[in-house]
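To find a chain, count down the sequence lines: A is the first, B the second, and so on, and within it residues start at 1. The shown structure was predicted, so the numbers you read here are calculated from the model rather than taken from an experiment.
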Number of protein chains: 2
Amino acid sequence: MVVSIELSDADVDRLFHALADATRRDIVRRSVDGDLSVSRLAEDYPMSFAAVQKHVAVLERVGLVTKVRRGRELLVRSEPETLRRARLALDQLAEVWEGRVQRMAALLDDDSTPEHQTRTKREG
Amino acid sequence: MVVSIELSDADVDRLFHALADATRRDIVRRSVDGDLSVSRLAEDYPMSFAAVQKHVAVLERVGLVTKVRRGRELLVRSEPETLRRARLALDQLAEVWEGRVQRMAALLDDDSTPEHQTRTKREG
DNA sequence: ATAACCTACAACCAAATGGTTGTATCAATT
DNA sequence: AATTGATACAACCATTTGGTTGTAGGTTAT
């Protein structure tokens with residue numbers, strides 16, 4: 001079972017930054033099966049091998065991909081769990097609107113009984 | 001009804017970049033009710049008014065917030081629809097893993113009948 | 001052993017980012 | 001009309017980013 005620790009602000013910063021580049025997102029997509037080496041990946045982008053290497057390093061630092069040695073090459077594999085955390089961060093941002101709906105309901109409905117709204121509680 | 005047009009790579013770049021800053025994410029959170037002006041928002045960050053103004057501009061450019069004039073101030077309101085699009089972009093990235101599951105199933109099960117896999121289609 | 005291939009990493013550069021201060025505009029108040 | 005408050009925007013600066021080339025270290029194959 002994955003514990004899914006809470007991400008710090010800095011973590012979320014880095015995670016979204018890693019995702020804010022089309023080349024990096026493409027690398028994540030192509031690395032799902034974990035059977036492509038860095039040089040193989042690099043073949044399909046209009047930039048140097050070293051540039052692609054840097055992109056992979058950015059993804060690796062935030063845990064969006066991992067590298068596994070096979071012979072003289074490193075196979076890149078993307079990690080769905082980290083992407084799931086990015087989604088979680090987005091969801092937590094979106095939660096504020098749910099809270100707003102809650103508050104609006106409370107204004108309209110006096111029986112909104114805020115003492116047992118366990119559904120809206122954040123799990124710490 | 002919101003049409004939810006497809007985002008270009010550059011759009012997703014800008015969207016995730018806008019979200020890759022803790023101050024900007026906080027502004028989005030605080031602007032849910034749309035009752036805070038730029039200067040009111042700026043009061044709570046350890047930086048100049050102009051810096052916060054720039055952050056709001058970044059959010060505005062990608063549609064994460066809009067500004068509405070009220071007297072001499074501009075009220076900032078965050079736009080849930082744009083955040084929903086960010087989530088959609090994440091989901092489309094995550095789809096590749098579903099595709100992988102699909103392909104693995106096809107290897108194990110000869111009757112995977114790829115000609116009528118309507119279940120895997122995303123609703124727009 | 002030597003050659004060929006894959007990766008790592010440093011040095012360098014241009015452009016973008018995130019901050020600053022200063023000045024101008026515009027609306028509201030007096 | 002003059003003042004005050006809120007915003008806009010330009011100029012500037014330091015740091016980061018995304019690219020480059022070059023060099024060096026392992027691993028495989030000949």
Side-chain angles (χ1 to χ4, degrees), chain A residues 8-31 33-78, chain B residues 8-31 33-78:
Chain A
S8 71
D9 274 351
D11 288 337
V12 180
D13 286 3
R14 280 187 285 266
L15 187 45
F16 281 135
H17 170 255
L19 291 169
D21 182 286
T23 302
R24 286 197 287 263
R25 289 193 303 276
D26 195 59
I27 291 175
V28 169
R29 277 186 223 104
R30 295 177 62 204
S31 302
D33 293 329
D35 56 1
L36 293 181
S37 66
V38 181
S39 25
R40 190 58 63 105
L41 285 167
E43 286 171 6
D44 292 332
Y45 302 108
M47 67 188 74
S48 68
F49 169 76
V52 175
Q53 220 178 5
K54 281 192 187 181
H55 282 305
V56 173
V58 169
L59 293 171
E60 195 180 16
R61 250 176 260 129
V62 301
L64 276 168
V65 306
T66 52
K67 290 189 283 192
V68 171
R69 170 135 256 141
R70 189 186 63 181
R72 55 183 164 187
E73 55 197 354
L74 288 178
L75 302 186
V76 181
R77 157 169 281 129
S78 45
Chain B
S8 71
D9 274 352
D11 288 336
V12 180
D13 285 4
R14 280 187 286 266
L15 187 45
F16 281 136
H17 170 255
L19 291 169
D21 182 285
T23 301
R24 285 196 288 263
R25 289 193 302 276
D26 195 58
I27 291 174
V28 169
R29 276 186 224 105
R30 296 177 61 202
S31 302
D33 293 328
D35 55 1
L36 292 181
S37 65
V38 182
S39 25
R40 190 58 64 104
L41 284 167
E43 285 171 7
D44 292 332
Y45 302 108
M47 66 188 73
S48 68
F49 168 76
V52 175
Q53 221 177 5
K54 282 193 186 182
H55 281 306
V56 173
V58 169
L59 293 171
E60 196 181 14
R61 250 175 260 131
V62 301
L64 275 168
V65 306
T66 53
K67 290 188 283 191
V68 172
R69 170 133 257 140
R70 189 186 63 182
R72 55 183 163 187
E73 56 196 354
L74 287 178
L75 302 187
V76 181
R77 156 168 280 129
S78 45

*Looking at CG of B/L41 and CD of B/Q53, how far apart are the two atoms once the value is rounded to the nearest 0.5 Å?*
11.5 Å
*Gap between atoms NE2 and C1', on A/H55 and D/dG19 respectively (whole Å)*: 8 Å
*Find the distance A/E73:CD to C/dA8:C1' and express it as a whole number of Å.*
16 Å
*Specify the separation, in whole Å, of atom CZ of A/R14 and atom P of C/dT17.*
19 Å
*A/R72 side-chain N/O to D/dA29 phosphate OP1/OP2 under 4.0 Å*: no
_Length of the line joining B/D13:CG and C/dT17:C1', which is rounded to integer Å_ = 15 Å
*asked:* Between A/Q53 and C/dA8, is there a contact of a side-chain N or O with OP1 or OP2 at under 4.0 Å?
replied: yes
*asked:* As a test of reading the structure: which of D/dT7, C/dT20, D/dT27 is closest to the side chain of B/K54, going by heavy atoms?
replied: C/dT20
*Quick one: does A/R40's side chain get under 4.5 Å of A/E73's, heavy atoms only?*
no
*With distance as the sole test, does B/R77 use its side chain to make a donor-acceptor pair with the main-chain N or O of B/D33 at under 3.5 Å?*
yes
*asked:* Please report the distance, rounded to the nearest Å, between CG in A/D21 and P in C/dA16.
replied: 14 Å
*Taking only the side-chain heavy atoms of B/R24 (C-beta and beyond), determine which of D/dG19, C/dG18, C/dT7 contains the nearest atom.*
C/dG18
*Taking CZ from A/R61 and C1' from C/dA8, how many angstroms apart are they, rounded to a whole number?*
13 Å
*Between A/A20 and A/A50, who's closer to the 5' end of DNA chain D by nearest nucleotide?*
A/A20
*Starting at the 5' end of DNA chain D, which residue's closest nucleotide do you reach first, B/R69 or A/V52?*
B/R69
*Under 3.5 Å: donor-acceptor pair, side chain of A/R25, backbone of A/I27*: no
*Measure the distance from CE on B/M47 to P on D/dT15 and round it to the nearest whole Å.*
17 Å
*asked:* If you compare every side-chain N and O of A/H17 against the phosphate oxygens of D/dG18 (OP1, OP2), does one of them come in below 4.0 Å?
replied: yes
*Has the side chain of B/R14 got a donor or acceptor atom that lies under 3.5 Å from a matching backbone atom of B/V62?*
no
*Could you state the CG-C1' distance from A/L75 to D/dT27, rounded to the nearest angstrom?*
14 Å
*Using a cut-off of less than 4.0 Å, is there contact between a side-chain N or O of B/S39 and OP1 or OP2 of D/dG5?*
no
*Ignoring backbone atoms, establish whether A/K67 has a side-chain N or O less than 4.0 Å from OP1 or OP2 of C/dA8.*
yes
_Please confirm whether the shortest side-chain N or O distance from A/S48 to OP1 or OP2 of D/dT20 is below 4.0 Å._
yes
